[in-house]
Amino acid sequence: MKVIASAPAKIILFGEHSVVYGKPAIAAAINLRTYVEAEPRNDGKIRIEAHDIKVPGLTVSFSENEIYFETDYGKAAEVLSYVREAINLVLEEADKNTGVQVSITSQIPVGAGLGSSAAVAVATIGAVSRLLGLELTKEEIAKLGHKTELLVQGASSGIDPTVSAIGGFLYYEKGKFEHLPFMELPIVVGYTGSSGSTKELVAMVRKRYEEMPELIIPILESMGKLVEKAREIIVSEIDHREKFERLGVLMNINHGLLDALGVSTKKLSELVYAARTAGALGAKITGAGGGGCMYALAPERQREVATAITIAGGTPMITEISREGLRIEEVIE
Ligand code: MEV
């Protein structure tokens, strides 16, 4: 038997970092996927092959341009630890001790803040649980994905595996989620070309929180309030142009607050300002920061903003929201 499952990348629109402190956040799955193929082994061993992750680079195409991402071997090894923990959790859940062979192919740049680790964990849990005949709901798979992150990186809000398993456009708070009305978001993601470690960035914010709670708590509170405001705007009846304008203002505030927490970098801020100058209504970091990606909201200006990001030294991606989360692609009996 062979099972192929896939899970999408995500972008956090509002509320990264504060979500770790129980505040709400808004995120969406995007149309870049990780594919995991799982087969049983009769020698009892667990073997993980990561073809595309091992290759230093992967290619994503949009319109007439080709994008080339550098993937370093250290990062690839980090991804494998998520796969290993995910397989162990499923074996534990199924109360089985069978050998499993897992093979990974990914379109998601590793360490770019787009949830590549969560996507690989979710796709692995989806494929291996199906292989072992374990019937898990997408929510249960998201919970196991969260457990995987906790085991590998120590702290996590669980938002990345939830968005990757469920898909679409979500409001997330303390392990619970709500679907937001689906809307096309004219966004451009800008990759700095360097990656940040979510584990280290979450730990750095925690240190600042412990050293200066009187300064950091109000920032996290503001972020939480800002997410509530964004949710009100998204569900409101106002027309799209006004929605985007108001959301753009909130994105810029959110970026400033993330900068105050210390998770921005010179390159991230350069891409953010380049996007705003080229006509984006708002631009901010997405994900843990320290490198990785920013995103801009740019109705009717996506091309111009993509060009500005390229000139500022980043790699632009015009992505779309993926309605689908975890998907079982194929089951070969
Ligand atoms: C990472 O994509 C988002 C963070 O908020 C960490 C987490 O929520 O687990 C930085």
Side-chain angles (χ1 to χ4, degrees), residues 7-30 32 34 75 78-79 81-82 85-86 108-122 142-167 169-177 189-192 194-209 216 219-224 226-227 230 251 254-255 257-265 268 284-295 319 325:
K10 64 92 210 353
I11 62 162
I12 296 189
L13 298 164
F14 297 99
E16 47 278 272
H17 286 289
S18 45
V19 69
V20 177
Y21 297 80
K23 308 285 177 226
I26 294 173
I30 55 171
L32 293 175
T34 292
K75 286 281 160 202
E78 205 178 298
V79 170
S81 50
Y82 287 85
E85 292 297 350
I108 311 172
V110 175
L114 299 178
S116 61
S117 311
V120 85
V122 165
K143 292 238 152 50
L144 285 181
H146 186 196
K147 257 194 181 173
T148 307
E149 282 193 335
L150 289 172
L151 287 166
V152 181
Q153 66 196 39
S156 139
S157 68
I159 190 168
D160 291 11
T162 304
V163 178
S164 187
I166 308 294
F169 194 18
L170 301 182
Y171 173 87
Y172 179 91
E173 188 174 15
K174 295 185 191 138
K176 298 212 162 32
F177 66 87
V189 175
Y191 181 38
T192 56
S194 70
S195 58
S197 154
T198 301
K199 181 179 176 172
E200 282 166 24
L201 289 148
V202 167
M204 189 266 283
V205 173
R206 170 74 56 191
K207 189 161 172 278
R208 292 205 173 162
Y209 171 88
I216 304 299
I219 296 176
L220 299 172
E221 298 276 337
S222 283
M223 288 175 161
L226 182 151
V227 173
M251 285 169 67
N254 202 165
H255 181 76
L257 293 171
L258 286 164
D259 200 2
L261 285 184
V263 301
S264 191
T265 61
L268 272 168
K284 67 178 272 291
I285 292 168
T286 182
C293 290
M294 49 68 73
Y295 87 95
T319 57

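Whatever order the structure lists them in is the order used to number ligands and atoms, beginning at 1.
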Can you report which non-hydrogen protein atom sits closest to [atom], along with the distance?
atom	answer
atom 6 (C) of ligand 1	V20 CG2, 3.8 Å
atom 1 (C) of ligand 1	D160 OD2, 3.8 Å
atom 4 (C) of ligand 1	H17 N, 4.0 Å
atom 9 (O) of ligand 1	S157 N, 2.8 Å

Enumerate the atoms of ligand 1 whose separation from the nearest heavy atom of [X] is less than 4.0 angstrom.
X	result
I159	8 (O)
E16	5 (O)
K10	2 (O)

What residue among L268, N254, D259, L257 forms side-chain contact (heavy atoms from CB on, under 4.5 Å) with K284?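 Going through the options one by one, the only one that passes is N254.
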
Candidate list I12, D160, V189, test side-chain contact (heavy atoms from CB on, under 4.5 Å), partner L114, passing option: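 Result: among I12, D160, V189, V189 is the only option passing the side-chain contact (heavy atoms from CB on, under 4.5 Å) with L114.
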
So which heavy atom on E85 is nearest to which on T148, and how close?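 That would be CB-CG2, 3.8 Å.
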
List the atom of A119, the atom of S164, and the distance in Å for their closest heavy-atom pair.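 Taking every non-hydrogen atom into account, CA-OG, 3.5 Å.
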
Tell me which pairs pass salt bridge (charged side-chain N to carboxylate O under 4.0 Å, His left out) where either residue lies in residues 17-27, with sequence neighbours left out.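 Sorted pair list: K23-E221.
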
Identify, with sequence neighbours excluded, every residue that meets side chain to side chain contact (heavy atoms under 4.5 Å, CB included) alongside V202.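 Side chain to side chain contact (heavy atoms under 4.5 Å, CB included) check on V202 returns H17, V20, A155, T198.
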
Side chain, backbone, both or neither: which applies to I12 and ligand 1 if a contact is any heavy-atom pair less than 4.0 Å apart?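 Side chain only.
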
Using a 4.0 Å heavy-atom cut-off, which part of E149 comes near ligand 1: side chain, backbone, both, or neither?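 Contact part for E149 vs ligand 1: neither.
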
Would you check, one step at a time, whether the test side chain to side chain contact (heavy atoms under 4.5 Å, CB included) holds for L258 with M223? CA-CA 9 Å; L258 286 164; M223 288 175 161; 3.6 Å; yes

